[in-house]
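Indexing begins at 1, ligand by ligand and atom by atom, following the structure's order. When reading the values below, keep in mind they use all heavy atoms of this one structure, side chains included, and skip hydrogens, waters and symmetry mates.
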Amino acid sequence: MTAERQGDAFENLLHEERRFPPSEAFAANAVAQPSLYDEAREQGTEFWARQARELLTWDQDFTETLDWSDAPFAKWFVGGTVNAAYNALDRHVEAGLGDRVAIHFEGEPGDTRTITYAELTREVKKAANAFESLGVAKGDRVAVYLPMIPEAVVTMLACARIGAVHSVVFGGFSADALRSRIDDAEAKLVVTSDGTYRRGKPSPLKPAVDGALEKEGHTVTSVVVVRRNNEPVEWTEGRDTWWHDVVDGAPEEHVAVAHDSEHPLFILYTSGTTGKPKGILHTTGGYLTQTAFTHRNTFDLRPETDVFWCTADIGWVTGHSYVTYAPLVNGATQLMYEGTPDTPHQGRWWELIEKYRVSILYTAPTAIRTFMKWGRDIPQKYDLSSIRVLGSVGEPINPEAWMWYREVIGGGQAPIVDTWWQTETGAHMIAPMPGVTATKPGSAQVAVPGIAVDVVDEMGVSVPDGSGGYLVIREPWPAMLRGIWGDPQRFKDTYWSRFDDMYFAGDGAKKDSDGDIWLLGRVDDVMNISGHRLSTTEIESALVSHPSVAEAAVVGASDETTGEAVVAFVILRGSAKDDDDIVTTLRNHVGKEIGPIAKPRNILVVPELPKTRSGKIMRRLLKDVAEGREVGDATTLSDPTIMQQIAVSLRK
Ligand code: WTA
C-alpha cells in the first residue's frame, strides 16, 4: 500500500487533541531531562562519544568517534576495544553488585530461578569455556535455537565473550528456515533445548534442529542441548552434547578479551521484500552504546530499584537489545517469562507483575489488544501499582489500545513510550522521553536525542508539518546495521539507493501540525503480523513450492488483534482439487517451509490473479478483497474482468 493511501486511513489520528504531560514529580526526577536534546544538538557525534565513555567500560579508549568515509559502511568508536559480556556482567560484580538479581526467571509451568549478577557471570564464563572446548573461536558463527530460558541469555553472552557471532533463530521457525539460516551464516555450533512448554504442554525444539541437519553439506560440528522439558530426544553421537555435561563441569574462570569496537556481535535474520531473509549484521561498541543509552533514557531506568520486563522473545531484535544486552549492561534487574499470556489463566502477566513488582513493562500493541478483548476485569484483579513506565514496540499502537494501556495497566499515571525502531536500527530511534514529552495516544512523536529522522516526499525533500511521506534517517547512528551478512550490494540497494545519502526505513510516516511523527506502516512488501516481520514474497514462494499450486499472491489484511493477518490467493494446478483439504494442506505446507507464524489466516482459491499489463500482481486490489472492501480502481489490469471472476469464485 502506498504511504498516501495509508495516510488517508490514518487521517483522523492526526486530529488527536489529547496530551499527557508527565507529572511534575516525574519530570523533576527524570533520568532524561530536556537538556539532553540541547546537548545532542550542540555536540553532534561527540554526544555519542560521551555516551559511549559514560555507559561502557572500554579496555582501550577509541581515537575517532565516527568514520563515515566508506559510507554507507560506518565505523563507530574507531580504535576502541571492548567486551560486551564484561560490560554486561563482570564489571558489575567487580563494582560490588554481584548479589543484585540480574534475572528473575519464571517458567511456564511455574518453576522459578533467581539469578544474581555473580551467578550469571559464573555461568557465562563456564559456557564460554565449554564452547571453546568444542572448537568455537573468535569470529565463528553460533546458531541459537532456544526458548525463553536463562540459557538463551547465557549462550548469547558466552558467544560475545569469546568473540563468536551469534545468530538467534526464533523457535517458531521451521527446520527448513533454520537450515537456510545455518547455511547462510555457516554456523559451526547450534545451541538448542529438548523443548519448552506451550500452553501447559511440553513442546519440542530439538527435532527441528535434527531436521535442519538431516541433509549433508552443512557446516555444523556440534549441537549443545539444554534439558528443559525432559521429553525424549533423538541423539546423534559425536555431534550432540548435553548442556549439563559440557557446561556444568567447565572451569569457572574465563578472561574476557576485549574485541575491536567494530567486531561483529551478532547476525539476526529478518524478512525483506524478496524471498530470501537478510542476515542483519550488528557490531559491538556502537550497538552497546545506543541500546544502553535508550534503555536508560527512554524507560527512565533506575537500576537499583526498577524491575524491568520486556516481553519479547530473544528470537527478535527486541529480545536482543532489551533483554540480553541493554538491561544487563545497565546493571538492571529483569523478569524473564517462558510462556504465553493465557497459561494457566488469562491473568498470568498481571500476576507476574504483582509478584515481582515489575516497574517498567515493555510489550507490543498486539498483546495489548488481546488483553482488551479479554476484558479489563482480569488485570484489575491484580496489584499493578508498581508500574511506573510503559513501553510499546513493533507496530503502530492505535489510540484506543494506547488509552486502555494507560488507564488499565498504568493506573492513569505511568507515561507510555511508543518506541519506533527496526532490526536494522538496533535500538530505539523515535520515542518520547517519559519525563519530557507530553505524549499523544498513537504517536511515537520525536527522534531520540542524537538521532536525525525525517519524513520526505518521493523526491527526497523534507515534507512540511501536516504532510506525509517516507521515513528516512539522515545521519549515521551508533547502533546502525553494518551490512547484510555476505551481501554488501544488497545492503546498499535495500537501504541506501531509494534516496541519496539517506537511510530508507521502508515505513510510511506523517508529521502532524506540531512536527510530531506518526508511523503509518510499511510501504513495501513486508507485513507486520503481531509485530513480527514477514515478507509477502517469502510466503508466496513457500506456496508455489507446493505441487498443487500454480501461482500465489499474498497480502497483509488489517486484523483487529494481530494488526495484520496473512491472506493468500492461490491458483491451483489443473489436477488439484479445490476443497477444504487443500486449504489445510497449504497452511501446513507454509508452516513447514517457514514456520507456524507464517501460516495464512485465509487461503482463497481463485481462477486468476489481477495483473497489470506488465505482469505485476496488483496486491492493492487483493487487499480490498481481503478486507471486504469495495474493490478500487482496476482499469490498469490487463483483463479488467478478473476482479469480477474472483468475486464470483469467492461467493461460491
Ligand atoms: C514496525 C522491531 C510503528 C515498523 C523493533 C518497522 C513500528 C518494523 C514500531 C520493524 C512502532 C516497529 N510504531 N511501527 N513503535 N516499532 N514498527 O525489524 O514497520 O521486527 O519498520 O523490529 O516494525 O520490525 P522489526
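Nearest protein heavy-atom contact of atom 4 (C) of ligand 1 is D507 OD2, 2.9 Å. Scanning the protein heavy atoms around atom 20 (O) of ligand 1, the nearest turns out to be R533 CD, 3.6 Å.
At least one heavy atom of W421 sits closer than 4.0 Å to an atom of ligand 1. Contact analysis puts G394 in contact with ligand 1, with a non-hydrogen atom separation below 4.0 angstrom.
Aromatic rings from H428 and Y362 are positioned such that their centres are separated by under 6.0 Å. Ring to ring, W477 and Y503 are close: their centroids are under 6.0 angstrom apart. Aromatic ring centroids of W350 and F371 lie under 6.0 Å apart. Aromatic ring centres of W402 and F20 lie closer together than 6.0 Å. You'll find the ring centres of H295 and F308 inside the 6.0 Å limit. A centroid separation of 6.0 Å or more is found between the aromatic rings of W496 and F504.
Close approach of ligand 1 to P396 is summarised as follows: ligand atoms under 4.0 Å from at least one heavy atom of the residue are 3 (C), 13 (N), 14 (N). Atoms of ligand 1 lying under 4.0 Å from at least one heavy atom of N528, given by number and element, are 1 (C), 23 (O). The ligand atoms of ligand 1 that sit less than 4.0 angstrom from a heavy atom of L519 are 3 (C). Residue T318 has at least one heavy-atom neighbour below 4.0 Å for each of these atoms of ligand 1: 5 (C). Close contacts of ligand 1 with V317, meaning ligand atoms under 4.0 Å from a residue heavy atom, involve 5 (C), 22 (O). Counting the atoms of ligand 1 from 1 in the order shown, those under 4.0 Å from a heavy atom of D418 are 11 (C), 15 (N). Those atoms of ligand 1 that come under 4.0 Å of a heavy atom in V393, given as number and element, are 5 (C).
The N/O atoms of T270, backbone and side chain alike, include none that comes under 3.5 Å of an N/O atom in ligand 1. The shortest N/O to N/O separation between Q422 and ligand 1 falls below 3.5 Å.
Salt-bridge check for R619 with D525: passed, with a basic side-chain N closer than 4.0 Å to an acidic carboxylate O. Between D559 and R601 there is a salt bridge, since a side-chain N of the basic residue sits under 4.0 Å from a carboxylate O of the acidic one.
Considering CZ of F173 and CD1 of I597, their distance stands at 4.0 Å, rounded to 0.5 Å.
Around atom 18 (O) of ligand 1, the closest heavy atom drawn from T423, I430, L534, L520 belongs to T423.
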